[in-house]
A.B. asks: 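The structure that follows is given in the form of C-alpha cells.
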Amino acid sequence: MAQKPSIPKGTRDFGPFEMSRRNYIFTTIRQVFEKYGYQPIETPAMENLSTLLGKYGDEGDKLLFKILNSGDFLAKADSGLLQEKNSIKLSTQISEKGLRYDLTVPFARFVVQRRNDISFPFKRYQMQPVWRADRPQKGRYREFYQCDVDVIGSNSLLNEVDLIRMIDEIFKRLNIKVIIKLNNRKLLSGIAQTINQPERLTDITVAMDKLDKIGVEKVYDELRDKGLSQDAIDHLEPILNLSGNNTSKLNCLKELIGDTSDGSRGLAELNEILSYLNQFELDAEIEIDQSLARGLNYYTGAIIEVKAADVMMGSICGGGRYDNLTGIFGLPDVSGVGVSFGADRIYDVLTELKGFPEDAATTSKALLVNFGGKETEYALQVLQQLQVAGVASELYPDAAKMKKQMKYADQKQIPFVVLIGEEERTTGILSLKNMKTGEQQKISLPQLIEIVMNK
RNA sequence: GUGGAUGUAGCUCAGUUGGUUAGAGCACUGGAUUGUGGUUCCAGGGGUCGUGGGUUCAAGUCCCAUCUUCCACCCCA
C-alpha cells in the first residue's frame with residue numbers, strides 16, 4: 001500500500017464544515033473592523049530573517065520557522081561551521097528568510113517602507129496565518145490565524161477606547177461572554193520603582209503574570225528564585241493582593257505607587273480610558289488587572305487581554321500600545337496600539353459553547369437529478385435558469401442511479417432535489433422534492449425558482 | 001527545549017499470562033427497491049497492528065530506539 005499521507009505537526013486541514021464556521025468568525029470580525037474605519041492589508045508569508053530576528057526575545061527567535069536558501073546553499077556556507085555542526089551559527093548562512101511569527105512586526109516594516117504614502121493615523125486590519133515552531137497542545141498550533149487591528153501614528157487614548165469597543169462588539173456578535181483585562185506598562189514600571197527594583201521589571205512582571213495560574217505563594221517563590229530580596233517581596237505584597245472593583249483597585253494603586261512618575265502616568269491613562277468607556281454600554285466586563293504583563297517586549301502603555309468567561313482557554317485576544325515599534329526599522333517616535341484576535345482559539349471556544357449558528361454550511365440549494373440523454377440536456381437548461389436567477393444549484397454529473405444521486409443530496413444537505421425525467425421533459429412540469437419533509441410536488445420552473453429562492 | 005501518556009481497517013475502539021486465519025461498530029461498495037435519500041435486512045471490499053531493531057520455537061502483546069498525536073511546563077493567539 002502507498003504510504004499514509006499526513007500533514008506537518010501542529011497544522012490542520014479545514015473541510016467545508018470547518019470552513020463555513022471559520023468564515024463566520026472571520027466575517028464577523030471583518031465587519032466590525034470595517035465599521036470602525038480600519039482598512040485591510042496583507043503582507044507576505046515570509047519575511048527576511050533580519051526583519052524578524054530579535055523582535056520577540058530569545059524565546060521568539062527559537063520559535064521562528066526558517067526557510068532554507070535555494071540552490072546549493074551548503075557550498076556557500078563556512079566549512080568550519082559545517083565541520084563543527086554548529087546549527088545556530090550556520091543557520092544565518094544557509095537561511096535568510098523565515099515565516100512570519102506575528103502580524104505586528106511585518107506591519108511595522110510595512111509602515112516604515114511606505115511612510116510617505118500612508119496618511120497617519122493609519123488604521124489597518126490584517127487577517128492572515130502566522131507560524132510558530134512551538135510544541136502543539138490544547139489551543140496551540142504551529143500554524144494559526146491572527147486577526148490584527150492596529151492604529152499607528154496617534155498617541156490618543158481614544159484609540160484604546162476604539163479597540164475595546166470593537167472587542168466588545170465582536171464578542172457580543174459571536175455570543176461569547178468575555179472579560180477584558182486592562183493594565184498599563186507604565187504602572188508595572190511604577191511597581192518596580194516603588195519596591196526599588198526598577199532594573200528587575202521583566203522578572204517581576206513575568207512572575208506576576210502567573211498570579212492567576214499558580215497563586216501568590218508560588219509567585220513569591222519564583223521572585224525569590226530570581227534573587228529578589230524578602231524586603232522587596234514584602235513591598236510587593238499589597239500590590240499583588242489587590243482586590244475589589246476597578247475604582248478601589250485604582251485608589252489603592254494610587255496610594256501604593258502614585259508617587260512614582262511612571263506609576264502616576266499609568267494610572268492617569270487607565271483612568272482616562274475608563275472614563276471614556278463609561279459613556280458606552282458595554283457587554284463585556286472590564287477588569288483592571290495589575291498583574292497582567294503579556295509579551296512585554298514592545299508594549300509601552302496599555303496592555304489588553306481578553307478571556308472567555310465560560311471556557312477554560314488561554315487568551316483569545318490580546319494587545320497593547322507600543323511607542324516605538326517602527327523605530328527599529330528607522331522610523332522613530334511613531335506610536336501605535338492594536339490587538340490581535342486568535343481566530344483558532346475563538347473557534348475552539350465557540351465549539352465548546354456550541355455557539356455556532358445552525359445552518360453555517362455552504363452548499364447548493366438545489367440538486368438536479370441527471371437522467372441521461374435528452375433529459376440531461378433539458379436539465380442543463382433548467383440549471384442555467386436557476387443559476388441566472390441566483391440560486392446556488394448543481395446538476396449531478398453522471399446519470400447514476402437515482403438512489404446514489406439522492407444520497408449525494410442528502411449528505412451534502414442540499415434542501416431541494418429537482419427530478420427531470422422523460423415525463424417532466426415532455427410536459428415542462430418539474431418534480432420538486434423537499435429533502436427535509438420528503439414532500440414532492442409538480443410545479444413549473446418559475447414556481448420552482450421562487451420556492452427555492454425563498455428558502 | 002523538559003516531563004508524562006498514546007499509536008491496531010477511512011474513523012472510534014476491542015484483542016486474555018506471548019500461541020496458529022487480528023475482531024466489532026460506524027463509514028464505504030453492491031443487492032433487497034431498473035424514477036426516490038435519511039430507517040431496516042443481506043452480502044462484500046479494506047489491516048506487513050506507527051517505523052526500525054532486539055528477546056523468543058512463536059510478538060499486536062515483552063525490551064530498546066525513533067516518529068506521530070495528545071497533556072503539562074517554558075512561552076504564547
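Letters A, B, ... are given to chains in the order of the sequence lines, protein chains preceding strands, and every chain is numbered from 1.
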A.B. asks: Can you tell me how far P of B:A77 sits from CD1 of A:I25, to the nearest Å?
C.D. replies: 18 Å
A.B. asks: Tell me, which stems hold RNA chain B, with a stem being 3 or more Watson-Crick or G-U pairs in a row and both distances under 3.5 Å?
C.D. replies: B:1-5 with B:69-73, B:10-13 with B:23-26, B:28-32 with B:40-44, B:50-54 with B:62-66
A.B. asks: Over all strands shown, is A:K210 touching base, sugar-phosphate only, or nothing at heavy-atom distances under 4.0 angstrom?
C.D. replies: sugar-phosphate
A.B. asks: Run the side-chain hydrogen bond (donor to acceptor under 3.5 Å, both in side chains) test against A:K210 and tell me which residues pass, sequence neighbours left out.
C.D. replies: A:E222
A.B. asks: What about A:D410: does its side chain form a donor-acceptor pair under 3.5 Å with the base of B:G38?
C.D. replies: no
A.B. asks: Mind checking the P distance from B:C67 to B:U2? Whole angstroms is fine.
C.D. replies: 11 Å
A.B. asks: Have a look at A:S340 and say if it touches a base, only the backbone sugar-phosphate, or nothing, with a 4.0 Å heavy-atom cut-off.
C.D. replies: nothing
A.B. asks: Sequence neighbours excluded, which residues qualify as side chain to side chain contact (heavy atoms under 4.5 Å, CB included) partners of A:E237?
C.D. replies: A:Y220, A:N241
A.B. asks: Which part of the nucleic acid, if any, lies within reach of A:D102 when heavy atoms closer than 4.0 Å are counted: base, sugar-phosphate only, or nothing?
C.D. replies: nothing
A.B. asks: List the protein contact pattern of nucleotides 27-36 of chain B with one symbol per nucleotide (5' to 3'): B for base contact, S for sugar-phosphate-only contact, - for none; contact means a heavy-atom distance under 4.0 Å.
C.D. replies: -S-SSB--BB
A.B. asks: With sequence neighbours excluded, what pairs up with A:Y38 under the ring-ring contact (aromatic ring centres under 6.0 Å, His included) test?
C.D. replies: none
A.B. asks: Using the C1' atom on both, measure B:C26 against B:C62 and round to a whole Å.
C.D. replies: 33 Å
A.B. asks: Any base atoms under 4.0 Å from A:G438, or only sugar-phosphate, or nothing? Heavy atoms, all strands.
C.D. replies: base
A.B. asks: Considering only the P atoms, how many Å lie between B:G31 and B:A58, rounded to the nearest integer?
C.D. replies: 48 Å
A.B. asks: Looking at A:D348 and A:K138, is any side-chain nitrogen of the basic one under 4.0 Å from a carboxylate oxygen of the acidic one?
C.D. replies: no
A.B. asks: Judged by modelled atom types alone, do A:Y125 and A:E34 share a side-chain donor-acceptor pair under 3.5 Å?
C.D. replies: yes
A.B. asks: Just to verify, what does A:D203 make a side-chain hydrogen bond (donor to acceptor under 3.5 Å, both in side chains) with, not counting sequence neighbours?
C.D. replies: A:R200
A.B. asks: Suppose you measure atom P in B:A27 against the same atom in B:U12; what distance do you get, rounded to whole Å?
C.D. replies: 15 Å
A.B. asks: Please tell me whether A:N183 and A:Y299 have a donor and an acceptor in their side chains that are separated by less than 3.5 angstrom.
C.D. replies: no
A.B. asks: Between A:Y145 and A:F26, is the ring centroid distance below 6.0 Å?
C.D. replies: yes
A.B. asks: Between atom CZ in A:R142 and atom P in B:A77, what is the gap in whole Å?
C.D. replies: 17 Å
A.B. asks: May I have the distance from A:F416 (atom CZ) to B:G37 (atom P), rounded to whole angstrom?
C.D. replies: 19 Å
A.B. asks: What is the distance, to the nearest angstrom, from the CG atom on A:D61 to the P atom on B:C76?
C.D. replies: 13 Å
A.B. asks: Is there any protein nitrogen or oxygen under 3.5 Å from a nitrogen or oxygen in nucleotides 68-70 of chain B, and what are the pairs?
C.D. replies:
{"unit_1": "B:U69", "atom_1": "OP1", "unit_2": "A:K9", "atom_2": "N", "d": "3.3"}

A.B. asks: Using the P atom as the point on both nucleotides, what is the distance between B:A9 and B:G60, in whole Å?
C.D. replies: 14 Å
A.B. asks: Whole Å only: how far is the CD1 atom of A:I176 from the C1' atom of B:A77?
C.D. replies: 13 Å
A.B. asks: A:E18: what forms a side chain to side chain contact (heavy atoms under 4.5 Å, CB included) with it, not counting sequence neighbours?
C.D. replies: A:F14, A:Y347
A.B. asks: Provide the distance between the two P atoms, one in B:G37 and one in B:A32, to the nearest whole Å.
C.D. replies: 12 Å
A.B. asks: Taking only the C1' atom of each, what is the distance from B:U33 to B:C42 in whole angstrom?
C.D. replies: 13 Å
A.B. asks: Take atom CG of A:L292 and atom P of B:C76, then tell me their distance rounded to the nearest Å.
C.D. replies: 12 Å
A.B. asks: Please identify each residue that fulfils side chain to side chain contact (heavy atoms under 4.5 Å, CB included) with A:R140, with sequence neighbours left out.
C.D. replies: A:D134, A:Q137
A.B. asks: Output side-chain donor-acceptor pairs under 3.5 Å for residues 396-406 of chain A, partner residues at least two apart or in another chain, one line each.
C.D. replies:
{"unit_1": "A:Q405", "atom_1": "OE1", "unit_2": "A:N370", "atom_2": "N", "d": "2.7"}
{"unit_1": "A:Q405", "atom_1": "NE2", "unit_2": "A:N370", "atom_2": "O", "d": "2.8"}
{"unit_1": "A:Q405", "atom_1": "NE2", "unit_2": "A:A400", "atom_2": "O", "d": "2.7"}

A.B. asks: Mind checking what makes side chain to side chain contact (heavy atoms under 4.5 Å, CB included) contact with A:P415, not counting sequence neighbours?
C.D. replies: A:K365
A.B. asks: Considering only atom P, compute the distance from B:G45 to B:G10 and round it to an integer number of Å.
C.D. replies: 15 Å
A.B. asks: Return the value, rounded to whole Å, for the distance between atom CD of A:E305 and atom C1' of B:C76.
C.D. replies: 10 Å
A.B. asks: Round to a whole Å and report the spacing from OH of A:Y408 to P of B:G38.
C.D. replies: 17 Å
A.B. asks: State whether the aromatic ring of A:F341 stacks on the base of B:A77, taking stacking to mean ring centres under 5.5 Å apart and ring planes under 30° to each other.
C.D. replies: no
A.B. asks: For residues 423-455 of chain A, which residue pairs pass the ring-ring contact (aromatic ring centres under 6.0 Å, His included) check, not counting sequence neighbours?
C.D. replies: none
